[in-house]
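For clarity, every value in this text was computed on a predicted model and none was experimentally measured. First the proteins, then the strands, lettered A, B, ... as listed; each starts at 1. In what follows, every heavy atom counts, from backbone to side chain, and hydrogens, waters and symmetry copies are set aside.
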Amino acid sequence: MQIELPARLPFSLPAVVRSHGWIQLAPFESLGDLGAFRYVDLLSSGKVVELRLNPAPSGVSLSVDADLLPSDTEEIQGKLTWMLGLDQDFSDFYALASREPKLAYIVKQARGRILRSPTFFEDVLKTILTTNTAWGGTKRMVSALVDHLGSPLPSDPGCRAFPSPAQVASLDEDALRNTIRLGYRAPYVLELARLVSGGALDLEAFKTSDLPTHELRAQLLAIKGVGGYAAANLLMLLGRYDYLPVDSWAIKVVSHEWYEGQPIGPSQVEAAFEPWGEWKGLAYWFWDWVYLK
DNA sequence: GGTAGACCTGGACGC
DNA sequence: GCGTCCAGGTCTACC
């Protein structure tokens, strides 16, 4: 099956794929420099399918090598619309960014969308695995989860989907700690998986919630393992940009941008982007940093 | 409300 | 090859 999914323009598949590191985490796999990628997905019907995405003139081209029911196709289209932000509108942000030399490039390059996982459970779990570790550690932990627990792709059993909450909850804390090697994060991941698989926590509802951002943030902070940095990152994935994901990297780049590399704290990072209001997260994310030149 | 220490792993470094 | 130190956010206990 091959279909084309339209996107609200301007749209750039490479811009979405390169928006952050998710493309490097299983079961995503980049397929070249033009934004093409594949993703192994477990559908609600239980089928495991490989989704292949390529750029197309009006959005993206999807190919799936599997027999699908209409309900499967509808589910896949809905997931990809969310993952790639196909219907997101950044015109208000672009109007502001076009007047800021450090952000003007994003309009030309159609930046703004941030690659998401199909489920918010996957994004929350992966975000917890980004905290207090190097990026290599995050990749290792995610790969171990997928390899040990994910459902295999029938045509290539070596490739697996991201495990469902029930699949993660099927392991005990000791196995998550010592086999998957999540370390001290194991009880956080297990509690999250149990809450979601048991129905006590509806993470998918976060996607469409109309709660004010500060209330949504409070609910995210109630998840064990999610602190201020992780919550801000997750809010960005939900399309809420009014909190900054302040980590050691943010402090470093802001220090070099405005404080000549001198030691600063989180409050200086916050102050630097305060004028951007509801767009501060995006302004920070796509800022053309002096430090990177 | 603010702060100190613990948590766990991998990488860098010195020997 | 081995041991030590450090970086990376969050949680808990304490003040």
Using the rule that two of Ile, Leu, Val, Met, Phe, Trp, Tyr join whenever any of their side-chain heavy atoms come within less than 4.5 Å, decide whether A:L203 and A:L211 are in one cluster.
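A:L203 clusters together with A:L211.
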
Could you identify which residues of residues 241-250 of chain A place a heavy atom less than 4.0 Å from some atom of DNA chain B, listed by residue number, or say none?
none

At a heavy-atom distance below 4.0 Å, what parts of residues 175-192 of chain A sit against DNA chain B?
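Heavy-atom cutoff 4.0 Å gives A:R177, A:R181, A:G183, A:Y184.
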
Going by the rule ring-ring contact (aromatic ring centres under 6.0 Å, His included), which residues pair with A:Y188 if we only count those two or more places apart in sequence or in a different chain?
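Not a single residue meets the ring-ring contact (aromatic ring centres under 6.0 Å, His included) criterion with A:Y188.
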
Go through the steps for A:E100 and A:W276 under the test side-chain hydrogen bond (donor to acceptor under 3.5 Å, both in side chains), then give the verdict.
CA-CA 11 Å; A:E100 167 52 62; A:W276 289 88; 5.5 Å; no

Connected hydrophobic set around A:V48, excluding itself, where side chains approach under 4.5 Å
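Hydrophobic cluster check, A:V48: joined to A:V40, A:L42, A:L153.
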
With sequence neighbours excluded, tell me which residues meet side-chain contact (heavy atoms from CB on, under 4.5 Å) with A:D172.
A:D174, A:A175

side-chain contact (heavy atoms from CB on, under 4.5 Å) against A:H20, all qualifying residues, sequence neighbours excluded:
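Here the qualifying residues are A:W22, A:I114, A:L115, A:L237, A:W285.
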
According to side-chain hydrogen bond (donor to acceptor under 3.5 Å, both in side chains), who are the partners of A:E215, at least two apart in sequence or on a separate chain?
none

For A:I128 and A:G225, which heavy atoms make the closest approach, and how far apart are they?
CG1-O, 4.0 Å

Show the nearest heavy-atom pair for residues A:R116 and A:G239, with the distance to one decimal.
NH2-N, 3.9 Å

For the helix from B:dG1-C:dC15 to B:dC15-C:dG1, what angle lies between the axis at the first five pairs and the axis at the last five pairs, to 10 degrees?
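Overall, the helix from B:dG1-C:dC15 to B:dC15-C:dG1 bends by 30° from one end axis to the other.
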
Where does the chain A footprint on DNA chain B start and end, counting 5' to 3' with a 4.0 Å heavy-atom cut-off?
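With heavy atoms of chain A under 4.0 Å away, the range is B:dC7 to B:dG10.
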
Checking all strands, does A:I223 fall into the base, sugar-phosphate, or nothing category for heavy-atom contacts under 4.0 angstrom?
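Sugar-phosphate contact only.
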
Under 4.0 Å, counting only non-hydrogen atoms across every strand here, what does A:G136 touch: a base, just sugar-phosphate, or nothing?
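Nothing, no nucleic acid heavy atom in range.
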
Considering only NZ, NE, NH1 and NH2 on the basic side and carboxylate oxygens on the acidic side, decide whether A:E191 and A:R194 come within less than 4.0 Å.
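A:R194 and A:E191: not salt-bridged.
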
Using the side chain to side chain donor-acceptor pair (under 3.5 Å) rule, collect all pairs that involve residues 147-163 of chain A, keeping only residues at least two apart or in two chains.
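Every pair satisfying side chain to side chain donor-acceptor pair (under 3.5 Å) with a residue in residues 147-163 of chain A: A:S151-A:Q167.
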
For residues 220-243 of chain A, which residue pairs pass the side chain to side chain donor-acceptor pair (under 3.5 Å) check, not counting sequence neighbours?
A:Q88-A:Y241, A:T213-A:R240, A:T213-A:D242, A:Y229-A:N233

Under a criterion of less than 4.0 angstrom to any heavy atom of chain A, what are the 5'-terminal and 3'-terminal contacting nucleotides of DNA chain C?
C:dG8 to C:dT12

How long is the span from the CG atom in A:N178 to the CG atom in A:L171, to the nearest 0.5 Å?
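Here the rounded value is 11.5 Å.
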
For the residue pair A:F28 and A:F37, categorise the inter-ring angle as parallel (less than 30°), tilted (30 to 60°) or perpendicular (more than 60°).
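Geometry flag for A:F37 against A:F28: tilted rings.
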
Distance flag, aromatic centroids of A:W258 and A:W287, threshold under 6.0 Å
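Between A:W287 and A:W258, the centre distance is under 6.0 Å.
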
